Amino acid sequence: MVRTRFAPSPTGHLHIGGLRTAIFNYFFAKANNGEFILRIEDTDKERSKDEYTRAILEGLKWCSIDWDDICYQSKREAIYEKYLNFLFEKGLAYKCYCSKERLEKLKKEQLEKGENPHYDGHCRNLKEEYSDKPYVVRIKLPKEDIDFKDYVHGDMHFSYKEFDDFIIRRSDGSFMYNFTNVVDDIECGITHVIRGDDHLTNTAKQIVLYRLFEKEPPEYAHVPMILGEDKTRLSKRHGAKSVLEYKEFGILPDALVNYLIRLGWSYGDKEIFTKDELIKYFNLENLNKSAAVFNPDKLLWVNEEYIKSYSPKELLKYLKDFLDDSCKSFSDDYLSKAIETMQARAKTLVELADGMMFYCVEPKDYEEKGAKKYLKESVKEPMKFLLDKLKEADFENEESLKKAFEETMEKFEIKMVKIAQPVRIGLTGRSAAPGIYEMLMILGKDESIKRIEKVIDAIPFKSS
RNA sequence: GGCCCUAUCGUCUAGUGGUUAGGACGUCGGCCUCUCACGCCGAAAACAGGGGUUCGACUCCCCUUGGGGCUACCA
């Protein structure tokens, strides 16, 4: 069975790059009827924090990336100990008592000679043990080149000369990334490792460990990284962002997932995927090889597509966090109708919530520019006439409302825009809003009449 | 410095020896129209450069250049 994992270290919030890796692993597992494991790699006691672990879990949950199992490396010391003993017994690892000072000096000397800095094996064949001296554990690097196959990059080859007897356990007794990573992947039965291609060199080191453990390595897919607009590695200075910031910004989780999976992966010309489609179509073969630039504009477009495609009821669930308190007293049915008129007019939930505010609370003031342009003396009489007609109209019936407007236009020989805009400003305070009839029908007769009377009083508009 | 990865419109990408190099975002026009959007139609926009291989290269190979990564008692 296919088993994948996402293995973040809780040294920061879940960011876009991490989420994408999780998404790839999740959909690959689901596409193959497999399992997706979450592993918190918290072996770096200095930098790991519980709050980051919580944020990572929250981010994944928000995106509905559910894990079949979760484990924490900090609770698995005994297992690592077991694997370490195996290495000692086989004579494949050794204690190194070299001081940091000696190591630094060594590195400096090697650099000066134009050599690549490598540990010189000083303690490799040490006979005696010092119980009072701190030590790290190093592996004995075999003199064999390292080959592996990668789903996206093809055949990979590294010379053993590129590596040295690297450390697997620190002097404080904790274990290092490459070691725990391999042990856990073996223990969890991970079949496919999908991760950023910044790990390509680590993979070579990890393959060495698999050999020492006499285990078969999993299959690998090293996905290209995400870059910022200046084509450097995506980081905080590119304006973003932990995944949860996108939530606050009004991005729908499905939209974010959809956008991210298309960054480095494609399925012909298809842009929008449902979750079911992703489970059906996602594969490793269509992964791209080169790094991709993160494009906020396209994310916004995808989000817009999702907003348009959701039913108002679905959207309302996500929208509740963004709606003003004044909307709370309205029924879901009322709000749903309001949402429907705004769906094609918002790129984010923030915009959507803002744009439909007027359905819940009457405008405090009128947008200056629009009011100046449309609330002119010349429309005062037509507006009064329209108001009278609307008082007699049936607000449940669009045709009836239409008739009121048409009669007004006819009588005064004016165009629709001349009366529609003043009404729109009266209803919403703005010159850009949904269609007149739909707004009138949703607001209802009493509320509409009240707002129109108020705007007629404001004609001609005088800026304050 | 060493090693590794990588290179199609501004961006995301399709393309696997013979295509008018396709789609999407964005941009710019137009249509629709009560405003703003949506929608629809259209336009500009790319194979980094140089060598090979081949009857024929965006597609295969090499070099250059550009970009990225790794080179920790971080992950």
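Given the structure is predicted, the values throughout are model-derived calculations rather than measurements. Reminder, nothing fancy here: chain letters follow the sequence lines and each chain counts from 1.
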So which nucleotide from B:rC12, B:rC73, B:rU11 ends up closest to the side chain of A:Met176?
-> B:rC73
When you measure from the side chain of A:His153, which nucleotide among B:rU6, B:rG39, B:rU35 comes out closest?
->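 Of the options given, the side chain of A:His153 lies nearest B:rU6.
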For A:Ser99 and for A:Ala292, locate the closest nucleotide of RNA chain B by heavy-atom distance; then report the residue assigned to the nucleotide nearer the 5' terminus.
-> A:Ala292
Residue mapping more 5' on RNA chain B - nearest nucleotide basis, A:Lys107 or A:Tyr374 |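 Comparing both residues, the 5'-ward one is A:Tyr374.
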Would you say the base of [N] and the side-chain of [X] have a donor-acceptor pair closer than 3.5 Å?
{"X": "A:Arg345", "N": "B:rC38", "result": "no"}
{"X": "A:Asn116", "N": "B:rG1", "result": "yes"}
{"X": "A:Lys298", "N": "B:rA24", "result": "yes"}
{"X": "A:Glu271", "N": "B:rG23", "result": "yes"}
{"X": "A:Asn202", "N": "B:rA75", "result": "yes"}
{"X": "A:Asp197", "N": "B:rG69", "result": "no"}
{"X": "A:Ser171", "N": "B:rC73", "result": "yes"}

Determine the interatomic distance between [atom1] on [N] and the same-named atom on [M]; round to the nearest Å.
{"N": "B:rC36", "M": "B:rG30", "atom1": "P", "value": "14 Å"}
{"N": "B:rU13", "M": "B:rC32", "atom1": "C1'", "value": "31 Å"}
{"N": "B:rG50", "M": "B:rG66", "atom1": "C1'", "value": "15 Å"}

Which is true for [X] with a 4.0 Å heavy-atom rule: it touches a base, it touches only sugar-phosphate, or it touches nothing?
{"X": "A:Ile436", "value": "base"}
{"X": "A:Ser431", "value": "base"}
{"X": "A:Phe158", "value": "sugar-phosphate"}
{"X": "A:Ala433", "value": "base"}

Can you find a side chain N or O atom of [X] that sits less than 4.0 Å from OP1 or OP2 on [N]?
{"X": "A:Thr43", "N": "B:rA75", "result": "yes"}
{"X": "A:Lys270", "N": "B:rA14", "result": "no"}
{"X": "A:Asn288", "N": "B:rA14", "result": "yes"}

For B:rU33, which nucleotide in any strand shown is its Watson-Crick or wobble partner with both distances under 3.5 Å?
-> none
Any strand: nucleotide that pairs with B:rC70 via Watson-Crick or wobble, under 3.5 Å |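 Pair assignment: B:rC70 / B:rG2.
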So does A:Glu381 pair up with A:Lys384, basic N to acidic O under 4.0 Å?
-> yes
